[in-house]
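Notes to accompany the following structure.
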Amino acid sequence: MLNIKNLREDFENIKIALEKRGYEINQKFFEELDMERKTLQIEVENLQSERNKFSAHFGELKSSRKDTSDLKKTIDKINAELDKKSIKLNTTLENINNFLLDIPNIPDDSVPYGKDEKDNIVVETFGKVFSKNTKDHLEITNKIDTETASKISGSRFSVLKGDMAKLQRALISFMIDKAIQNGYQEYYVPFMANTDSLTGTGQLPKFKDDLFQTAENLYLIPTAEVPLTNIYRGELIDEDILPLKLTSHTPCFRSEAGSYGKDTKGLIRQHQFEKIELVQITNPADSMNCLNSLLKHACEILDDLKLPYQVIELCSGDLGFSSCKTFDIEVWMPSQKKYREISSCSNFSDFQARRSNIKYKFKNGKDFVHTINGSGLAVGRTLIAILENYYEGGSTMKLPKCLESYFGSDTLKL
RNA sequence: GGAGAGUUGGCUGAGUGGUCGAAAGCGCCUCCCUGCUAAGGAGGUAACUGGGUAACUGGUUCGAGGGUUCGAAUCCCUCACUCUCCGCCA
């Protein structure tokens, strides 16, 4: 959520910044709404002030046993007027709030201009493509079973058997241990979150269709970012303990509405997938440094796995709703002969903090923190990348060295 | 599932209809004192928000939402959450 003060004082610049990401903000609508708010608010508050004064006087009359009937009539009139105006004011305030909740974050000045994903910039490429494999993961192993999953649940689910299930578990442990080594505190969190939490991190109200709702006020989490960030919702944090670094492994649930026909085969795009999430809660002055460090932490995992990847910076037009700057990490997928997203690391500046009311306390004041998060990494896609990049034909294959101790063997049965 | 107790500022916690945005303590800030440290003394210190260049001034907020009342932290109703005891249970 943007600061409404900035909208009042600096609308032009915000408008220009939002245009870079393709968002048209309706200036006339906002200014009329805010003007209406101002008029109504002054009227309501004046009436309240009058009522407060008369009520105090009423008390005085009562205690000296004087007649209050005239005064009561006056107050009744004020209250009747107040009721009418308050309703109007509340409607206006709600309209303003809905308007604000719909506005995406402002891109950082450093974000390259662009219209869509075609304008994203490759920052750096790491590792050489070494695989000659052309088979996709479903062809490489029969232990990833999407047909059985569709019997159990439907499309976009999977059943992993034997070494595939074990490899996934090994990857999770490996990634969590990496995060802990990099100073992140491990958490186990709820896999369902309420409306307030999801509004805080920006999924609601705008992206309700992307979520699975389980009850009136409960949704399956689309990422551990939601529970991890909301640990601090409504909290005031001592500046000394920043940056906070949190991690958790959770399943993630996404309805993938609007992606019909995209990546329909295999593990790439599922309703349920495993992910390790890295979250940092920081001092605003530090947040870009923290984004870089978090990006590095995610990259290290691919370095260790010796998988070829590239880091790309999202252009203004491709930024996610809540983000002011995002780097995606894309891993080489031999069967598709292209790099595919395996992590997305973003700085949300004070956007989530403002929605979630997360502040930090420094010597002479308080202010909203900045939040940063990214995957470290998406487990299913990592598993595919390992299969496809390391496969050399045959019914077994060698695993990357760093996984041996987690997997308990250097060879995977396919 | 049953019974009971609770939810108040950064924290602990008092407050049962107007003088309460709220005692006290802790913490924090400023100043004083002491060679330094420790201790001590004086004062200040809730949040959000409107108007105003400003000095200043108005409003809202005591878990959330309704209600009663001229007036609600305080009375009534609904909901959420927390705790205790009983039952059940991985």
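Reminder, nothing fancy here: chain letters follow the sequence lines and each chain counts from 1.
- Side chain to side chain, A:Thr282 and A:Gln280 fail the donor-acceptor criterion of an N or O pair below 3.5 Å.
- Side-chain contact annotation: A:Lys208 with A:Gln203, donor-acceptor N/O pair under 3.5 Å absent.
- Ion pairing between A:Lys72 and A:Asp76 holds under the 4.0 Å rule for side-chain N and carboxylate O.
- Here A:Asn217 lies out of heavy-atom contact (under 4.0 Å) with every strand.
- For the 3.5 Å distance criterion, the side chains of A:Asn95 and A:Asn98 fail to qualify, holding no donor opposite an acceptor.
- Side-chain atoms of A:Ser197 and A:Asn194 include a donor-acceptor pair closer than 3.5 Å.
- Taken to the nearest 0.5 Å, the CG atom of A:Asn230 stands 7.5 Å off from the CG atom of A:Leu198.
- Within residues 68-86 of chain A, the residues that place at least one heavy atom under 4.0 Å from RNA chain B are, in residue-number order, A:Lys72, A:Ile75, A:Asp76, A:Asn79.
- For A:Lys245 (side chain) and A:Asn182 (main-chain N/O), a donor-acceptor pair under 3.5 Å exists by modelled atom type.
- For the C1' atoms, the distance linking B:U69 with B:G10 amounts to 35 Å, nearest Å.
- In summary, the side chains of A:Glu277 and A:Thr247 do not present any donor paired with an acceptor at a separation below 3.5 Å, with no hydrogens or angles considered.
- Across the P atoms, B:G65 and B:C89 are found 40 Å apart, a figure rounded to whole Å.
- For the C1' atoms, the distance from B:A72 to B:U60 is 14 Å, rounded to whole Å.
- Checked against ring-ring contact (aromatic ring centres under 6.0 Å, His included), A:Phe368 has no partners two or more places apart in sequence or in another chain.
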For RNA chain B, what dot-bracket results from Watson-Crick or G-U pairs at under 3.5 Å, with [ ] for crossers and | for inter-strand partners?
((((((((.[[[..)..(.....]]]((((((.......))))))((((((....)))))).[[[[[..)....]]]]])))))))....
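- Straight-line distance between the P atoms of B:C29 and B:U82: roughly 35 Å, to the nearest whole Å.
- A donor and an acceptor atom, one from each side chain of A:Asp210 and A:Ser255, are nowhere located under 3.5 Å apart.
- A heavy atom closer than 4.0 Å to some atom of RNA chain B occurs in no member of residues 187-206 of chain A.
- Put simply, the side chain of A:Ser409 gets close to the backbone of A:Thr411: a donor and an acceptor are under 3.5 Å apart.
- In terms of the side-chain hydrogen bond (donor to acceptor under 3.5 Å, both in side chains) criterion, residue partners of A:Tyr309 (sequence neighbours excluded) are, by chain and number, A:Asp303.
- Here chain A contacts RNA chain B (any atom closer than 4.0 Å to a heavy atom, that is under 4.0 Å), and the contacts span B:G10 to B:G71 from 5' to 3'.
- If you check the side chains of A:Tyr360 and A:Asp240, you find no donor sitting under 3.5 Å from an acceptor.
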